[in-house]
Amino acid sequence: MAVPAALVSETLSTLPGDDVRSVMWRLEGRYDLQMLIQSVRQVARGPVARLVAEGARSSHDWTEQKNALLEHYDACGATGVFMEPHQGGFLEGPKNLAMALVAFELAWVDAGAATGALAGHLGLSPIHERGTQEQQDRYMSLSAPAAPGEDRKPWRGAFALTEPIPYVGVDTGMLGGKVSVARWEPGQEPVLKVEKRGRFITNMGFANFVTAAVDSADERIKGTCMVILEEGDPGTFDRGTPTKKLVHQLSSTSDPIFSLEVPASRIVGGYSVKDGVIVPRWSHDEIIAAVFKHTRVPVGVMTAAKLLSAVEPVIRYQRGRFRGAQQARPGSPRYDLGLQVREDVLHRLVDVWATGEAAASLGFSTSRLFDELDPLEKVKFQTLQEKGITGRAELRYFKDVNARAVELVKLRAKPEAERDAARVAELEADPLVRYAILDSAGAVLCPATKLWNTGHGATVMREAVALMGGYGITEDCPGFLGHKWMDAQLEATYEGPEAVQRRQLSVCMQNEVFLAQLDAWTKELRHIASERPDTGACNLASAFVLWRYTYDHLQVATDATGQKLYQGPRQGVTFALSDALAWLMAARSLVLDVVELEQKGAENAVLAEGLPGLVRFYQDLSHVQCARASGEVGRICAELVYGYNKHPEWNADAQQACWEARELDELEDLIPGIGSCAKDVIEAGGGHPDKAGPCAHCSSVADFAALRMKLDQCLTGARLAKDRAAEALSKVMIPEALDYPV
């Protein structure tokens, strides 16, 4: 492939390592997290990789060898990362970023291992998010790894939601499982009877307790709740038949059956008694909403790890593809570069890499946002509790808070010299205003991470496997890429499949505080583009504008039958717009990370020397991803804006808008050449051009057409960026071998 030397004067020299990631993912100065990464990586590329290489994924049974991984997870810190120090953990403060990093390191080798390590945290999450203090201290402490000198085995948890048997998935409105009162002696704590059958429950091969969602089957219990079940409770705690999975075989999954009696104090979050009825403090869907608000992000990060882990094995395969053949002699281009003498394989690998970077950037930026949000959420709870605000009153209270949040977002978006600094300081001092801003963004970024990373990521992972040719679907494919491709299918389903994420996006993206931030982000991208035109930020900003126009248009537009377009049941509209938004969020995250690398990379002594070339390469990846995102957004928005109008046919009404040949002939004398400007002309005998009907005229959306044209023109330079990135891939140095067994 020939690329002008001037375009590749400085570029990538070696594959990016931890120093690059530390800057881009804001880990500089977080030595606790950097130590955690190293510790978990040793387990991932040691015991986990050896187990996969030995063929442990050929069985879905939970074996002694797989069970031994649990002790490795305890030792490396993956288990204790979820707990507070007084509960046996080792990290102070919010832990969303730490959880995402653990998921990333383990999924780099095997996502089943990541799932097995993190599923216990999911089992604990209902207790962590909404449990009483007593429940939190008991189960977190029991689940923490044993301290030095302590003789005990940590408890393991599992999470049981499930739709009604036999299907698998998450739909909180289709709950299976019942709870009733078994005994209730006067003056005594009620004893509950829990009947629950789980489906596809992770960790059930060894779980000591389960947090299970149940619905009331007794008039003395109100609504739904979640209940903690322990293996020693009276009754049946049947772990069930192992699920015959095709993926994630390093995690334990089965279909358990529970028929247990438990004290009412096991209701997560506690309860009150009103008129002889047990009233749980939290319904099961309130608890699950709080749980999935955080836990979906590490799943998205798992798929990002797969994509980035594929780059090195694919490069190695491509370069060695022809070695051994008589025609490929040492020193020849075919011997040195193999398949990489061809542009196609390099361009496709650039797409894989850019997608992986964008997915990781989105996942880690969302994790950091939740780390910032968590303490503010506690302030919010405390404030509302002190004011006695509950239910719909909370919505009314936050109406004013949201207005001030929008004001702050708009003030921040102004140039510093034009801001009312005093007002900005006043608003920023209000924790509820900051909460409203972060919460509205997190409500969009979390499902966007899960949706885009796992959904589009799985598609691109297939491309990585395809780049390995027939090697990619063999058991000895380096990097276990075939396994990772299959695993990605399940990650797109965990904790709610794509439809659930799109539904949440379609609701949360209507929040006025989020939309204000969206407008501010557009300005931010324009500013970045003015200083760093090669990042693709300008192109992405145009896509933001087009999306916002489409969103506003759909709020008031109707289809050809007069039906409103943007409404809950019209998932053909709302879900498609959600997909487009997820593309934007991922590309924006990568742009911001590349800017961070450029600004902070020089402060890292390891990066300083080759920083210009490194930044050049990442700007090209960013440009490629922005162009891809813009293309998708343009396509989706155009389908939505134009696609619900009825295409005109050759009927009498439509033909009235067309020129007649006779009219053109008469006007030709007055306006020479007018005939060449007319597209649809009705001939004297009624004949017309051979197509479906007269060309559609959507004059009401002329602005959209102009924005779409501008977006397309903003793609200028994107393919040159791809050429440069591809050229860099053909020259980058790689290690002699992967750092884990295959």
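Under the 4.5 Å side-chain criterion, counting only non-hydrogen atoms from C-beta, Tyr139 is in contact with Glu230. In this structure the side chain of Asp374 never reaches within 4.5 angstrom of the side chain of Lys378, judged on heavy atoms. Contact annotation: the side chain of Ile278 approaches that of Val181 to within less than 4.5 Å [non-hydrogen atoms, C-beta and beyond]. At a threshold of 4.5 Å between non-hydrogen side-chain atoms, the residues Glu377 and Phe370 do not count as touching. Residues Leu438 and Gln517 fail the side-chain proximity criterion, which asks for heavy atoms closer than 4.5 Å. The shortest side-chain heavy-atom distance between Phe292 and Val299 does not fall under the 4.5 Å cut-off. Between Leu577 and Leu554, some side-chain heavy-atom pair lies under the 4.5 Å cut-off. Contact check for Phe159 versus Ile201: no side-chain heavy atoms found under the 4.5 Å cut-off.
Between Trp452 and Trp583, the ring planes are perpendicular. Angles over 60° get that label, and only those under 30° would be called parallel. Between Tyr494 and His248, the ring-plane angle classifies as tilted under the 30° and 60° cut-offs.
The pair Lys293-Glu495 does not meet the salt-bridge criterion, since no charged nitrogen lies less than 4.0 angstrom from a carboxylate oxygen. Looking at Asp430 and Arg434, no side-chain N of the basic residue comes within less than 4.0 Å of a carboxylate O on the acidic one, giving no salt bridge.
Screening residues 383-394 for salt bridge (Lys or Arg N to Asp or Glu O under 4.0 Å), with sequence neighbours left out, gives Lys380-Glu394. Sorted by first and then second residue, the salt bridge (Lys or Arg N to Asp or Glu O under 4.0 Å) pairs with a member in residues 203-216 read Lys178-Asp215; sequence neighbours excluded. Under the salt bridge (Lys or Arg N to Asp or Glu O under 4.0 Å) criterion, the residue pairs touching residues 567-580 are Arg502-Asp579, Asp559-Arg570, with sequence neighbours excluded.
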For a side-chain contact (heavy atoms from CB on, under 4.5 Å) check, start with the C-alpha distance between Asn96 and Arg368, then their side-chain angles and the critical distance, and finish with the verdict.
CA-CA 7 Å; Asn96 299 280; Arg368 295 193 301 272; over 6 Å; no

Apply salt bridge (charged side-chain N to carboxylate O under 4.0 Å, His left out) to Asp74 and Lys153, showing your working.
CA-CA 10 Å; Asp74 295 340; Lys153 288 189 175 181; over 6 Å; no

Run the side-chain hydrogen bond (donor to acceptor under 3.5 Å, both in side chains) test on Gln135 and Arg130 for me, step by step, so that the C-alpha distance in whole Å, both residues' side-chain angles and the decisive distance to 0.1 Å come before the verdict.
CA-CA 10 Å; Gln135 290 170 343; Arg130 293 294 181 264; over 6 Å; no

List the steps, then state whether side-chain hydrogen bond (donor to acceptor under 3.5 Å, both in side chains) holds for Ser141 with Gln87.
CA-CA 5 Å; Ser141 300; Gln87 296 164 340; 5.9 Å; no

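One finds the NZ atom of Lys399 at 11.0 Å from the CG atom of Leu395 (value rounded to the nearest 0.5 Å). Between atom CD1 of residue Ile437 and atom CG of residue Asn511 there is a gap of 11.0 Å, rounded to the nearest 0.5 Å. For the atom pair SG of Cys446 and CG of Leu369, the computed distance is 10.0 Å after rounding to the nearest 0.5 Å. Taken to the nearest 0.5 Å, the OG atom of Ser254 stands 10.0 Å off from the CZ atom of Phe206.
For an aromatic pair to be called close, the ring centres must be under 6.0 Å apart, and Trp521 with Phe544 fails this. The ring of Trp282 has its center no closer than 6.0 angstrom to the ring center of Tyr271.
Remark: Ala413 engages Ala520, Lys523 in a side-chain contact (heavy atoms from CB on, under 4.5 Å) (not counting sequence neighbours). For Thr303, the side-chain hydrogen bond (donor to acceptor under 3.5 Å, both in side chains) criterion is met by Glu491, not counting sequence neighbours. In this view, Ala146 and Glu150, Arg152 satisfy the side-chain contact (heavy atoms from CB on, under 4.5 Å) rule, not counting sequence neighbours. Listed by chain and residue number, Arg423 satisfy the salt bridge (charged side-chain N to carboxylate O under 4.0 Å, His left out) test with Glu426 (two or more places apart in sequence, or in another chain). Residues satisfying the side-chain contact (heavy atoms from CB on, under 4.5 Å) criterion with Thr243, sequence neighbours excluded, are Arg199, Phe200, Lys245, Thr253, Asp255. The side-chain hydrogen bond (donor to acceptor under 3.5 Å, both in side chains) test applied to Glu498 returns no partner, not counting sequence neighbours. Partners of Asp238 according to the side-chain hydrogen bond (donor to acceptor under 3.5 Å, both in side chains) rule, which considers only residues two or more places apart in sequence or in another chain, do not exist here. Under the salt bridge (charged side-chain N to carboxylate O under 4.0 Å, His left out) criterion, Arg281 pairs with no residue, sequence neighbours left out.
Arg239 places a side-chain N or O within donor-acceptor distance of the main-chain N or O of Ala207, the cut-off being under 3.5 Å.
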Output a table of donor-acceptor pairs, distance under 3.5 Å, between side-chain atoms of residues 120-129 and any protein atom two or more places apart or on a different chain; print 'none' if there are none.
{"from": "His121", "atom 1": "NE2", "to": "Ala78", "atom 2": "O", "distance (Å)": "3.2"}
{"from": "His121", "atom 1": "NE2", "to": "Thr79", "atom 2": "O", "distance (Å)": "3.1"}
{"from": "Ser125", "atom 1": "OG", "to": "His121", "atom 2": "O", "distance (Å)": "2.8"}

